[in-house]
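As structure tokens, the structure follows; a few thoughts come after it.
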Amino acid sequence: EKARGERVKEVRQELKEMLDLRRTNDRIEELNRRIRDRDFAVTAKEGTAIKSKQLAEARIKMLQLQRDARSLEFKLKKKSIWENVGNVASFPRSMLATMDMSYALRQAILPSIAHPKIATKAFSKAFVAFYSQKKADAVDIDLKNHELRPLFDKYGLYFSSMDQDMSMREEAFVSNMAERIWVFGKVVLASERNMVTGLNLLRAGLMTDFLSKNPHLSGKVLEPKTKALAKEIKDLEESRDESPEKRKAYDKKIKDLTELQRQEQAKYAYARYVNIATGRGDLGKMSGAAETLSLFFFAPRFAASRIQAPFAAINAMRKHPELLKEIGKQWAFYLGTGQTMIQLARLAGASVSIDADDSDWGKIVIGNIHIDIWGGEQQPMRLIALAAKGARQTHRGETSVGALLEQGTGKNVIGQKIEGKTIPTPIGDVNIPWRAVSALSKVIPIIVQSGAEAYTEGEDPKTVVSILLGESLGLSISVYKR
């Protein structure tokens, strides 16, 4: 009887897939017609779960055609002056951020160290996606049909896209001008596929892991309890019984309901934290101006995320004890691993500055090579260290607040942070050859500039290759004489 029931389910599933495949093929024909006739009146809809290989292939083809249709629609659409300015202004950022897989040790480093399996799985698929649009599309479809996707969307977990809509893309690849460059455009697209695929998989993996380890926070547990408590509270209110016993019971149920609501909010708080920890800063009321900010800053959301990350972690753990273990673990692994690497580097003969006034604070320095292993957190953490140092000096009477302000303590760090995130332009009172060099430095990929910098500073070929490898994975490496 059990085997018969299983077989019935299999047959039903096969029939469902056959119908789904037929609908998908019909949809493919319709998309081909829309592209051919330039008919964009109908918006493509998302599909349902994928079960068979044949259906998966059809879905990937449909996704590609949907993207082609949206891309053509975007190209044919009349752009506003502001949209054109934004596309042009963001072009250098797309060029600088290409030819690498730097998300791994930059945007993703903070939570990845505590979750090596999730991070490795995401990186392996992102690595394949770098070389294959088809593989990237397959991952995209799997995420859209993930069994927890409705919850991801409900709690605000962010998933970026490679569509033409600038607000949905990773900010390093907001402009689509670089994608149109002959041959090189394919490299730009490959880099974007890698970043989008890796970060989306990492975010989904972190949220899935958290929900699986905290089953008491699942909707199946919380929703029935919340509804039951709400009904009991309503019944008590309608009874209008003012006896001490009823009042005590009412207060307890209100307290229990508030606790359940707080537990529900913990999932929203964790999703927000994951977004920030993986480089998607929360601009708050300025979110609507993100595209405008991106005209003047290299990556405003990423810059904001590095400053917000420690505070978002503290705030989430303070308000939601359920998050204390998970977020605390991530920061413990992140800071602990960083300290271990620094100590090992010292034992190997490298130097590491612990003086907050030193721009190399927290960096590993080997000769002329300066390595930042902190994934964008070095400058915000140095600013905190400077503030702590100033507070100690003031407390001991070694200096005063006025003297610190006069010295501009911390201004250099803030200035470096802003300067490092500002989109530079080849404008200034300089000679023409320097203008040309400056202009090229704004569109040549960072990884290429790092290699050239190391070579011109006299580093040997093996060192240059090592620097290129480190930069390609997200380490920030500079070569210069102090």
Side-chain angles (χ1 to χ4, degrees), residues 21 24-25 27-28 31-32 35 44 46-47 49-72 74 94-95 97-108 112 117-146 149 158-165 168-205 208 278-279 445 447-448 468-469 471-474:
L21 179 59
T24 300
N25 286 329
R27 186 64 183 147
I28 288 173
L31 285 166
N32 278 320
I35 294 172
E46 300 295 345
I50 302 168
K51 300 296 180 180
S52 69
K53 184 177 180 180
Q54 189 179 10
L55 179 57
E57 293 286 340
R59 284 293 177 80
I60 291 173
K61 185 176 181 181
M62 184 176 74
L63 180 65
Q64 292 168 344
L65 287 170
Q66 286 175 335
R67 185 183 297 111
D68 291 343
R70 287 192 290 265
S71 177
L72 183 57
F74 181 83
S94 297
M95 295 295 293
T98 198
M99 288 184 68
D100 61 33
M101 304 179 186
S102 59
Y103 91 89
L105 296 180
R106 196 160 294 158
Q107 287 92 337
S112 292
K117 289 185 179 180
I118 295 174
T120 302
K121 184 178 179 180
F123 182 81
S124 63
K125 291 191 176 183
F127 182 84
V128 174
F130 183 91
Y131 299 99
S132 171
Q133 180 67 59
K134 186 176 180 180
K135 294 294 185 182
D137 288 337
V139 171
D140 189 35
I141 290 173
D142 287 343
L143 285 174
K144 287 178 178 176
N145 292 278
H146 195 290
R149 184 57 184 260
Y158 181 78
F159 291 99
S160 52
S161 166
M162 291 185 64
D163 285 344
Q164 296 294 341
D165 183 359
M168 293 299 294
R169 304 178 79 166
E170 287 296 335
E171 56 188 354
F173 297 96
V174 165
S175 174
N176 64 356
M177 288 182 62
E179 299 169 5
R180 303 175 190 174
I181 300 175
W182 182 68
V183 178
F184 188 75
K186 293 183 178 180
V187 180
V188 176
L189 285 170
S191 299
E192 183 178 9
R193 287 197 302 268
N194 175 264
M195 179 177 287
V196 169
T197 302
L199 289 176
N200 284 351
L201 283 171
L202 180 63
R203 289 165 184 154
T208 300
T278 55
I447 184 173
V448 176
L468 289 174
L469 179 60
E471 279 279 1
S472 71
L473 295 176

Atom pair CZ/CD of Arg203 and Gln107 - distance to nearest 0.5 Å: 8.5 Å

If you look at every heavy atom in Ala122 and Leu202, which pair is closest and at what distance? CB-N, 3.9 Å

CG of Asp100 to CG of Leu469, rounded to nearest 0.5 Å, is 11.5 Å

After noting the C-alpha distance and the side-chain angles of Asp140 and Lys144, does the key distance pass the side-chain contact (heavy atoms from CB on, under 4.5 Å) rule? CA-CA 6 Å; Asp140 189 35; Lys144 287 178 178 176; 3.4 Å; yes

Non-hydrogen side-chain atoms of Met101 and Phe123 separated by less than 4.5 Å: yes

Pairwise side-chain contact, Arg193 with Leu189, heavy-atom cut-off 4.5 Å (strictly under): yes

Across all chains, not counting sequence neighbours, the side-chain contact (heavy atoms from CB on, under 4.5 Å) partners of Thr197 are Ala126, Ala129, Ala136, Val139, Leu201

Please give me the minimum heavy-atom distance between Ile447 and Leu468, naming the atom from each residue. O-CD2, 3.1 Å

Report yes if some heavy atom in the side chain of His146 is under 4.5 Å from a heavy atom in the side chain of Thr208; otherwise report no. yes

Distance col, row Lys125:NZ vs Asn200:CG, nearest 0.5 angstrom, shows 12.5 Å

Taking every heavy atom of Phe127 against every heavy atom of Asn194, the minimum-distance pair comes out as N-ND2, 3.8 Å

I need the Met99 CE to Glu471 CD distance, nearest 0.5 Å. 12.0 Å

Shortest non-hydrogen contact from Asn145 toward Ile141: ND2-O, 2.8 Å

Taken in chain and number order and not counting sequence neighbours, the residues that satisfy side-chain contact (heavy atoms from CB on, under 4.5 Å) with Ser132 are Lys134, Lys135

Not counting sequence neighbours, which residues clear side-chain hydrogen bond (donor to acceptor under 3.5 Å, both in side chains) with Ser112? List them please. none

Interatomic distance, Ser160 atom OG to Glu192 atom CD [nearest 0.5 angstrom]: 8.0 Å

Quick check: does any side chain N or O of Ser124 sit under 3.5 Å from a backbone N or O of Lys121, one acting as donor and the other as acceptor? yes

